[in-house]
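Values reported hereafter were calculated over all heavy atoms of this structure, with side chains retained and with hydrogens, waters and symmetry mates removed. In what follows, chains are A, B, ... by sequence order, proteins preceding strands, each numbered from 1. These numbers were taken from a predicted model, which means no experiment stands behind them.
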There are 2 protein chains.
Amino acid sequence: MRSAEFDREAVLRAAMNAFMEKGYNKTSMQDLKRATGLHPGSIYCAFENKKGLLLASLEQYNLDRSEELRAIFHEQNGALSGLQAYLDSIVAECISGDPTQSCLSQKAINEIAQTDAQAQAVLSQQCVMWQSFMKDIFMQAEQEGVITGERLPEQRAQSLIVGIYGLRTFSQAQKDASIIASLANQLIHDVCR
Amino acid sequence: MRSAEFDREAVLRAAMNAFMEKGYNKTSMQDLKRATGLHPGSIYCAFENKKGLLLASLEQYNLDRSEELRAIFHEQNGALSGLQAYLDSIVAECISGDPTQSCLSQKAINEIAQTDAQAQAVLSQQCVMWQSFMKDIFMQAEQEGVITGERLPEQRAQSLIVGIYGLRTFSQAQKDASIIASLANQLIHDVCR
DNA sequence: AGCTATCTTGAATAAACATTCAAAATAAAG
DNA sequence: CTTTATTTTGAATGTTTATTCAAGATAGCT
């Protein structure tokens with residue numbers, strides 16, 4: 001017997017970064033070998049193939065992001081200031097211009113969900129989970145009395161997610177920091193109205 | 001002397017469709033040969049290389065979409081019903097699931113703007129043109145008195161574009177027609193408030 | 001220490017890739 | 001009809017690609 005040597009999470013995070021920098025299709029196995037430090041054979045042994053590595057990276061990405069999301073809202077007192085902090089962090093990522101601070105899920109939705117049913121299924125489910133988390137936040141905000149109940153929490157959550165997807169795309173075409181920040185503020189305002 | 005045989009616009013529209021179906025990086029020269037009916041040599045003679053063909057397709061795509069945009073608003077009386085018709089058409093595209101009804105500019109922003117400065121410049125400029133057109137619509141709506149002047153037309157235009165980008169991404173992860181339609185309605189509501 | 005199952009290694013493979021080019025074809029000009 | 005400039009053609013190029021595999025290394029068990 002013999003146990004695997006590499007740190008699975010570290011490998012997946014390295015692969016995530018590689019995929020975010022070049023996109024799935026432009027990231028070659030050689031890029032992934034360099035990024036992860038794993039030889040081709042090890043990658044195929046552990047993840048079946050390139051798409052398997054992407055799917056595993058997507059799962060890890062979702063775990064990491066979910067953790068981060070929970071942490072942001074936990075650090076704040078009140079749903080509204082949590083929302084504010086969350087959008088501030090997204091604006092910071094948009095403005096940074098750092099590819100590794102972009103959203104791997106969103107990139108994958110745009111690049112491969114259309115042509116790969118397996119990836120589509122994973123990404124769809126992750127999107128639903130995100131919605132569910134945000135719905136809970138808006139329910140909490142209602143209970144706190146900081147927003148009135150004109151819209152359903154679920155709808156607010158969906159509008160917020162649409163806004164975040166849009167913000168990330170917009171910021172790549174229009175890199176003006178103050179515009180991005182002001183659009184994020186407007187988004188919070190609209191979603192909490 | 002000898003003039004070119006192929007119809008440039010038809011070739012570019014064929015290339016557009018090919019790029020929309022597979023994305024830029026996954027679309028091979030063989031795909032483009034099949035789609036356009038042009039032999040490799042002719043493509044390289046007319047467009048320099050694969051990226052040149054993409055950039056030319058992007059220009060044509062923008063021309064076609066601008067025309068369509070003008071037509072939609074021209075067919076309606078009043079800025080508001082124009083906006084309604086415009087979003088209806090986008091919702092229809094999102095719901096169709098037809099790759100050739102997706103947005104080539106948005107796909108390109110997500111797939112290559114990050115890694116190619118030339119594409120980034122073209123896409124950025126096209127986004128600004130789109131904003132400018134929508135700003136005029138919101139100014140018209142103000143003059144018609146159908147919306148009050150609490151927000152600047154430019155901000156409304158930007159929020160609308162963010163919403164449309166978001167809607168297109170969201171609809172690929174969550175293909176529920178009624179949700180997309182209701183998110184679009186909410187978007188109009190928020191942007192016109 | 002020795003055995004064995006499993007992982008690591010990295011060269012080898014075959015397919016697919018973007019691009020080039022010289023020959024053949026053809027439209028316009030004389 | 002002949003010439004000439006330009007386009008079309010499609011096979012050839014050399015690179016890069018994802019993937020495989022047999023040999024070597026090593027961890028855990030007895």
Side-chain angles (χ1 to χ4, degrees), chain A residues 1-58 60 104 107-108 111-112 114-119 122, chain B residues 1-58 60 104 107-108 111-112 115-119:
Chain A
M1 306 254 176
R2 187 186 171 190
S3 49
E5 278 179 9
F6 65 86
D7 176 349
R8 188 184 159 93
E9 288 192 13
V11 161
L12 289 178
R13 293 204 183 96
M16 269 166 40
N17 288 343
F19 285 135
M20 284 195 275
E21 286 188 42
K22 290 197 174 188
Y24 174 70
N25 285 305
K26 252 289 163 140
T27 304
S28 67
M29 286 305 294
Q30 202 169 320
D31 291 330
L32 292 166
K33 170 179 180 258
R34 219 190 328 262
T36 62
L38 254 47
H39 292 250
S42 296
I43 294 179
Y44 280 81
C45 178
F47 305 104
E48 182 102 9
N49 53 28
K50 189 184 162 187
K51 205 186 83 183
L53 179 54
L54 174 75
L55 293 174
S57 300
L58 240 21
Q60 186 62 51
L104 181 60
K107 290 211 86 172
E111 193 182 350
I112 53 165
Q114 195 176 85
T115 51
D116 186 288
Q118 211 176 343
V122 170
Chain B
M1 305 256 176
R2 186 185 172 190
S3 51
E5 278 178 11
F6 66 86
D7 177 349
R8 190 184 157 94
E9 288 192 13
V11 161
L12 289 179
R13 292 202 183 98
M16 268 166 42
N17 287 343
F19 285 134
M20 283 195 276
E21 285 189 42
K22 291 196 173 189
Y24 174 72
N25 285 306
K26 253 287 166 146
T27 304
S28 67
M29 285 306 294
Q30 201 169 320
D31 292 330
L32 293 167
K33 171 180 180 263
R34 220 189 327 261
T36 62
L38 256 48
H39 291 251
S42 295
I43 294 179
Y44 280 81
C45 178
F47 304 104
E48 183 101 8
N49 53 29
K50 188 185 163 186
K51 206 185 84 184
L53 178 56
L54 174 76
L55 293 174
S57 300
L58 239 21
Q60 186 63 50
L104 181 61
K107 290 211 86 171
E111 192 181 353
I112 52 166
T115 51
D116 185 290
Q118 212 176 341

> Is any side-chain heavy atom of Leu53(B) closer than 4.5 Å to one of Leu12(B)?
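A side-chain contact exists here, since the closest heavy-atom pair is under 4.5 Å.
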> Enumerate the residues from residues 25-49 of chain A whose closest heavy atom to DNA chain C is under 4.0 Å, giving them by residue number; use none for an empty result.
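DNA chain C contact set from residues 25-49 of chain A: His39(A), Pro40(A), Gly41(A), Ser42(A).
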> Could you list the residues that satisfy side chain to side chain contact (heavy atoms under 4.5 Å, CB included) with Ala46(A), not counting sequence neighbours?
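Ala46(A) satisfies side chain to side chain contact (heavy atoms under 4.5 Å, CB included) with Phe6(A) once adjacent residues are dropped.
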> May I ask you to establish whether Lys50(A) and Tyr24(A) are in a cation-pi arrangement, using a distance under 6.0 Å from NZ or CZ to the six-membered ring centre and at most 45° from the ring axis?
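Here Lys50(A) passes the 6.0 Å and 45° test against Tyr24(A).
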> Side chains of Ile112(B) and Leu54(B): does their closest heavy-atom pair fall under 4.5 Å?
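Yes - at least one pair of side-chain heavy atoms lies under 4.5 Å apart.
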> Once you round it to whole Å, what is the distance between P of dC7(C) and CZ of Phe6(A)?
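Checked: the CZ to P distance equals 9 Å.
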> Please find the pair of heavy atoms, one from Ser57(A) and one from Met16(A), that lie closest to each other, and give the distance.
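For Ser57(A) versus Met16(A), the nearest heavy atoms are O-CG, 3.7 Å.
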